[in-house]
Amino acid sequence: MSSIHLVVIDALNLIRRVHAAQPGEPDVRNTANVCCQALGKIIQMSQPTHIVAVFDHHGDDRGWRAQLLPNYKEGRKPMPEELMHGMELIQDAFMAMGIDSLLSDGDEADDLVATLALKVASGGHQVTIVSTDKGYCQLLQPTLRIRDYFQQRWLDSPFIEKEFGVKPEQLTDYWGLAGISSSKIPGVPGIGPKAAVELLTQYPNLEAILAADDLPTKWQKKIASHGEQALACKQVASLKTDLQLGFNLQDIRFQPATTADAET
């Protein structure tokens with residue numbers, strides 16, 4: 001049994017949901033308090049040896065994904081102004097609990113989370129990603145799991161097969177075909193979730209579908225004329241796992257802050 005358990009918090013996923021759920025006029029200090037209460041419960045449940053909260057960079061640059069798909073995440077609701085200005089306060093509150101913050105530098109937080117989580121998990125250590133983002137489920141393996149704090153559920157293989165009808169390792173192929181409307185990833189016109197599942201039941205992945213010479217006629221033309229777009233959509237939906245991290249595990253060892261620490 002591994003003695004290391006790394007918990008990676010998808011910080012803005014947690015913070016924005018907590019902030020949006022605040023009654024009345026949203027208050028950043030209150031958001032910070034509720035987030036810290038949530039983190040306290042997460043720590044109590046998971047008993048991490050290492051923990052980090054990963055934040056997206058605040059720039060307008062939508063990164064390499066928008067170069068592949070120009071409409072990627074276009075028109076997304078921006079972060080509320082008061083929340084943007086309160087990020088430092090929230091990060092300070094996290095630090096008072098012994099949770100360091102890691103800010104992505106031009107890369108999406110998702111890729112930073114994926115790189116860190118996979119590096120630790122592939123070393124045979126336990127990793128828990130705390131997020132409602134199903135995109136992380138493509139990383140699932142025996143030592144890597146995803147926890148949806150708000151629904152109090154594990155986003156595991158049975159969940160993915162029930163939700164999407166494919167295996168976790170086929171998720172990016174599925175999104176390459178069916179797209180992700182919320183992120184403006186188009187997929188293949190005329191191929192919806194049902195057709196994507198049917199295709200991925202017959203073929204192991206998108207590349208095998210594109211190479212097949214026995215595709216049913218109803219799909220042949222759609223797939224043939226949008227093959228490059230499907231591959232671009234799959235690439236955009238795939239998490240990068242080879243970023244330079246610039247720190248080691250020792251830097252994010254969890255040392256619960258004492259009352260004295262919290263007061264200084």
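We use all heavy atoms of the structure for the numbers below, so side chains are in, but hydrogens, waters and symmetry mates are not.
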Completion exercise
Residues Ile129 and Ala117: closest non-hydrogen pair is CD1-CB, 3.8 Å
Practice task
Mark yes or no for whether Gln255, through its side chain, and Gly98, through its backbone, hold a donor-acceptor pair below 3.5 Å.
Solution key: no
Handout entry: Spacing of Asp111 atom CG and Lys240 atom NZ [to the nearest 0.5 Å]
Key = 6.5 Å
Practice task
Determine, for Glu161 against Lys167, whether the closest basic-nitrogen to carboxylate-oxygen distance falls under 4.0 angstrom.
Solution key: no
Handout entry: Electrostatic pair Lys234:Glu207 at N-O distance under 4.0 angstrom
Key = yes
Handout entry: Joint hydrophobic cluster, Ile146 plus Leu118, side-chain heavy atoms closer than 4.5 Å
Key = yes
Exercise for the section: Spell out, as yes or no, whether a donor-acceptor pair under 3.5 Å connects the side chain of Ser131 to the backbone of Asp133. Expected result: yes
Handout entry: Separation between CZ of Phe254 and NE2 of His50, rounded to the nearest 0.5 Å
Key = 11.5 Å
Side-chain donor-acceptor pairs of residues 210-220 under 3.5 Å, sequence neighbours excluded:
residue	atom	partner	partner atom	Å
Asp214	OD1	Tyr203	OH	2.9
Gln220	NE2	Leu215	O	2.7

Completion exercise
What one should report as the nearest heavy-atom pair of Ala196 and Ile191 is N-CG2, 4.0 Å
Practice task
Flag the pair Phe164 / Pro193 as yes when at least one side-chain heavy-atom distance between them is below 4.5 Å, and no otherwise.
Solution key: no
Exercise for the section: Using the ring of Trp175 (Phe, Tyr or Trp, six-membered ring only), decide whether Lys134 places NZ or CZ under 6.0 Å from its centre and within 45 degrees of its axis. Expected result: no
Exercise for the section: Would you check if the side chain of Asp100 reaches a backbone N or O of Val52 as a donor-acceptor pair within less than 3.5 Å? Expected result: no
Fill in the blank from the handout: Rounded to the nearest 0.5 Å, the CG atom of Asp56 sits from the CG atom of Leu112 at a distance of 9.0 Å
Fill in the blank from the handout: Tightest non-hydrogen contact, residues Gln152 and Arg147, listed as OE1-NH2, 3.4 Å
Problem - hydrophobic_cluster_shared for Leu177 and Leu68, side chain cutoff 4.5 Å - result: yes
With a 3.5 Å cut-off and sequence neighbours excluded, list the donor-acceptor pairs that the side chains of residues 30-45 form with protein atoms.
residue	atom	partner	partner atom	Å
Asn30	ND2	Gln22	OE1	2.4
Thr31	OG1	His19	ND1	2.8
Thr31	OG1	Asp27	O	3.1
Asn33	ND2	Arg29	O	3.4

Problem - Student check: side-chain heavy atoms of Tyr72 and Ile180 closer than 4.5 Å - result: no
Exercise for the section: For the residue pair Lys73 and Glu108, establish whether any side-chain heavy-atom pair is separated by less than 4.5 Å. Expected result: yes
Exercise for the section: Treat each ILVMFWY residue as a node, draw an edge where side-chain heavy atoms are under 4.5 Å apart, and state whether Ile9 and Leu89 are in one component. Expected result: yes
Problem - Backbone N/O of Leu239 and side chain of Gln138: donor-acceptor pair under 3.5 Å - result: yes
Handout entry: Same apolar cluster (I L V M F W Y, side chains within < 4.5 Å links), Val7/Trp154
Key = no
Practice task
Mind listing the closest non-hydrogen atom pair of Gly165 and Val197 along with its distance?
Solution key: O-CG1, 3.6 Å
Handout entry: Evaluation steps, side chain to side chain contact (heavy atoms under 4.5 Å, CB included), between Leu116 and Leu245
Key = CA-CA 7 Å; Leu116 174 59; Leu245 291 174; 4.1 Å; yes
Problem - Transitive ILVMFWY side-chain link Leu231 to Ile209, under 4.5 Å - result: yes
Exercise for the section: Give a yes-or-no answer on whether the side chains of Arg145 and Thr128 include a donor-acceptor pair shorter than 3.5 Å. Expected result: yes
Handout entry: Any donor-acceptor pair under 3.5 Å from His5 side chain to Ser46 backbone
Key = yes
Handout entry: Stepwise side chain to side chain contact (heavy atoms under 4.5 Å, CB included) test for Val8 and Val130
Key = CA-CA 6 Å; Val8 186; Val130 179; over 6 Å; no
Exercise for the section: Quick one: pull up CG in Asp148 and CG in Leu155 and give me the separation to the nearest 0.5 Å. Expected result: 5.0 Å
Exercise for the section: For residues Phe55 and Gln91, determine if any side-chain heavy atom of one lies less than 4.5 Å from a side-chain heavy atom of the other. Expected result: yes
Handout entry: Under-4.0 Å salt bridge between Arg16 and Asp10
Key = no
Handout entry: Heavy-atom side-chain contact between Tyr136 and Leu171 under 4.5 Å
Key = no
Problem - Full working for side chain to side chain donor-acceptor pair (under 3.5 Å) between Thr132 and Asn13 - result: CA-CA 7 Å; Thr132 63; Asn13 181 275; 2.9 Å; yes
Problem - Ser122 (side chain) donor-acceptor with Lys119 (main chain) under 3.5 angstrom - result: yes
Handout entry: Interatomic spacing from SG in Cys233 to CZ in Arg65 - rounded to 0.5 Å
Key = 12.5 Å
Exercise for the section: Mark yes when over 12 heavy atoms from residues, nucleotides or ligands other than Glu228 sit less than 6.0 Å from its CD; otherwise mark no. Expected result: no
Problem - Sub-4.5 Å side-chain heavy-atom contact between Pro189 and His226 - result: yes
Handout entry: pair Glu169-Pro204: side-chain heavy atoms closer than 4.5 Å
Key = no
Handout entry: Sub-4.5 Å side-chain heavy-atom contact between Met79 and Met87
Key = yes
Practice task
Mind listing the closest non-hydrogen atom pair of Thr143 and Ala121 along with its distance?
Solution key: OG1-O, 3.1 Å
Exercise for the section: Answer yes or no: is there a donor N or O on one side and an acceptor on the other, between the side chain of Asp173 and the main chain of Leu206, under 3.5 Å? Expected result: yes
Exercise for the section: Kindly say whether Ala208 contributes a backbone atom to a donor-acceptor pair with the side chain of Asn205 at under 3.5 angstrom? Expected result: yes
Handout entry: Exercise: identify the closest heavy-atom pair between Thr49 and Ser3
Key = CG2-O, 3.1 Å
